[in-house]
Amino acid sequence: MDVPLWEAEETGVPSVFAEKPRETGPVGTVSAPLFEVKVYGAPAPQGSKSAKRNRHTGRIQLVESSRAVGPWREHVVAAALRARPRGWKPITEPVAVEMVFTLTRPRSHFGTGRNAAVVRPSSPALPASVPDLSKLARSTEDALTTAAVYRDDALVVEYRRLVKRYHTDHGLVPDVMEASGCVIRLWPVVGAGVPGG
């Protein structure tokens, strides 16, 4: 996906976050994020690679194991570009990140017939299986770099919330969406320029 890395994007889509002022709370805290976006799509992990032989060159290459990582990153980039206010400059200061991933509960977790919308009591309450949460964060952080939300994902120095839940927790757990995707917020790290502070 070709996107401008350092220039403001004129998408023609109004940003719901464009005019939101930064509010300050008690001394040393900030109550509004620097950036926030809601991304719809199937979250996919990045990081697991497998060796494949290139049939044209015969060389071994490392490729992403998950074919879904490309589409997921494209969803994040597109949503982030729409959410950036006009004239946005990439963040260059350390940030704290909040990511709440919503995964679609598998069909096998539900009953059948008139219980088709009811989660079986034997189904797991939490998605304690693949994809790995840290690998979901990795693919999403890289996509935010591509969208020029920040200069580089090395600026992430802290996680405020890093969560994965099933969509059936929508309305029960804050920021869990009604469909698969992710709610992302970036916060300034207050006192980041002060050694030991």
Side-chain angles (χ1 to χ4, degrees), residues 1-20 22 30 32-52 54 61-104 127 130-165 175-177 179-189 192:
M1 179 174 198
D2 295 325
V3 294
L5 290 181
W6 307 115
E7 298 174 13
E9 174 87 345
E10 294 291 334
T11 62
V13 179
S15 168
V16 294
F17 305 113
E19 304 303 322
K20 184 182 286 185
R22 280 179 62 185
V30 176
L34 291 170
F35 180 83
E36 65 181 303
V37 65
K38 185 182 281 192
V39 182
Y40 286 92
Q46 178 177 310
S48 296
K49 292 184 168 52
S50 57
K52 304 275 184 187
N54 184 311
Q61 297 174 311
L62 291 177
V63 296
E64 286 292 336
S65 295
S66 173
R67 291 182 181 171
V69 71
W72 170 244
R73 289 181 60 169
E74 289 176 10
H75 286 307
V76 175
V77 169
L81 289 175
R82 286 192 302 270
R84 292 185 335 184
R86 181 167 287 141
W88 177 265
K89 301 288 185 210
I91 297 167
T92 59
E93 302 167 355
V95 292
V97 173
E98 188 175 355
M99 292 183 189
V100 178
F101 292 94
T102 302
L103 307 180
T104 301
V130 293
D132 296 357
L133 184 57
S134 61
K135 291 176 182 176
L136 292 174
R138 189 179 307 167
S139 63
T140 306
E141 287 174 359
D142 284 353
L144 293 174
T145 302
T146 302
V149 171
Y150 41 47
R151 187 187 64 218
D152 191 273
D153 57 357
L155 291 165
V156 176
V157 298
E158 177 184 323
Y159 287 113
R160 292 234 173 133
R161 282 177 78 207
L162 189 56
V163 176
K164 64 174 179 175
R165 292 293 173 102
D175 296 318
V176 171
M177 298 161 59
S180 63
C182 186
V183 173
I184 305 164
R185 294 187 186 91
L186 303 180
W187 303 83
V189 178

field: Leu34 side chain near Tyr150 side chain, heavy-atom distance below 4.5 Å
entry: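 A side-chain contact under 4.5 Å is absent here.
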- prompt: Is there side-chain contact between Pro131 and Leu103, with at least one heavy-atom pair below 4.5 Å?
  reply: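 Answer yes - side chains close enough.
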Once rounded to the nearest 0.5 Å, what's the spacing between atom [atom1] of [X] and atom [atom2] of [Y]?
X      : Y      : atom1 : atom2 : value
Thr102 : Tyr40  : OG1   : OH    : 9.0 Å
Asp142 : Asp152 : CG    : CG    : 8.5 Å
Ile184 : Leu144 : CD1   : CG    : 5.0 Å
Glu93  : Leu186 : CD    : CG    : 12.0 Å
Arg73  : Arg138 : CZ    : CZ    : 11.5 Å

message: Under the salt bridge (Lys or Arg N to Asp or Glu O under 4.0 Å) test against Asp175, which residue among Arg165, Lys164, Lys38, Arg161 passes?
response: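 Exactly one option meets the salt bridge (Lys or Arg N to Asp or Glu O under 4.0 Å) with Asp175, and it is Arg161.
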- request: Report the C-alpha separation of Phe35 and Val95 in whole Å, then their side-chain angles, then the decisive distance to 0.1 Å, and conclude whether the side-chain contact (heavy atoms from CB on, under 4.5 Å) test is met.
  value: CA-CA 10 Å; Phe35 180 83; Val95 292; over 6 Å; no
Any donor-acceptor pair under 3.5 Å from [X] side chain to [Y] backbone:
X      : Y      : value
Trp88  : Ala148 : yes
Ser180 : Thr104 : no
Thr145 : Asp153 : yes

Which heavy-atom pair separates [X] from [Y] by the least distance, and what is that distance?
X      : Y      : answer
Phe101 : Pro43  : CD2-CB, 3.8 Å
Glu36  : Ala83  : O-CB, 3.9 Å
Cys182 : Met177 : N-SD, 3.4 Å
Tyr159 : Ala137 : OH-CB, 4.0 Å
Ala79  : Val39  : CB-CG2, 3.8 Å

field: Check ion pair Arg185-Glu98 (N to O, under 4.0 angstrom)
entry: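 Glu98 and Arg185: salt-bridged.
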message: Holding to salt bridge (charged side-chain N to carboxylate O under 4.0 Å, His left out), I want the full list of residues that pass it with Glu141, two or more places apart in sequence or in another chain.
response: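 By the salt bridge (charged side-chain N to carboxylate O under 4.0 Å, His left out) rule, Glu141 matches no residue at all.
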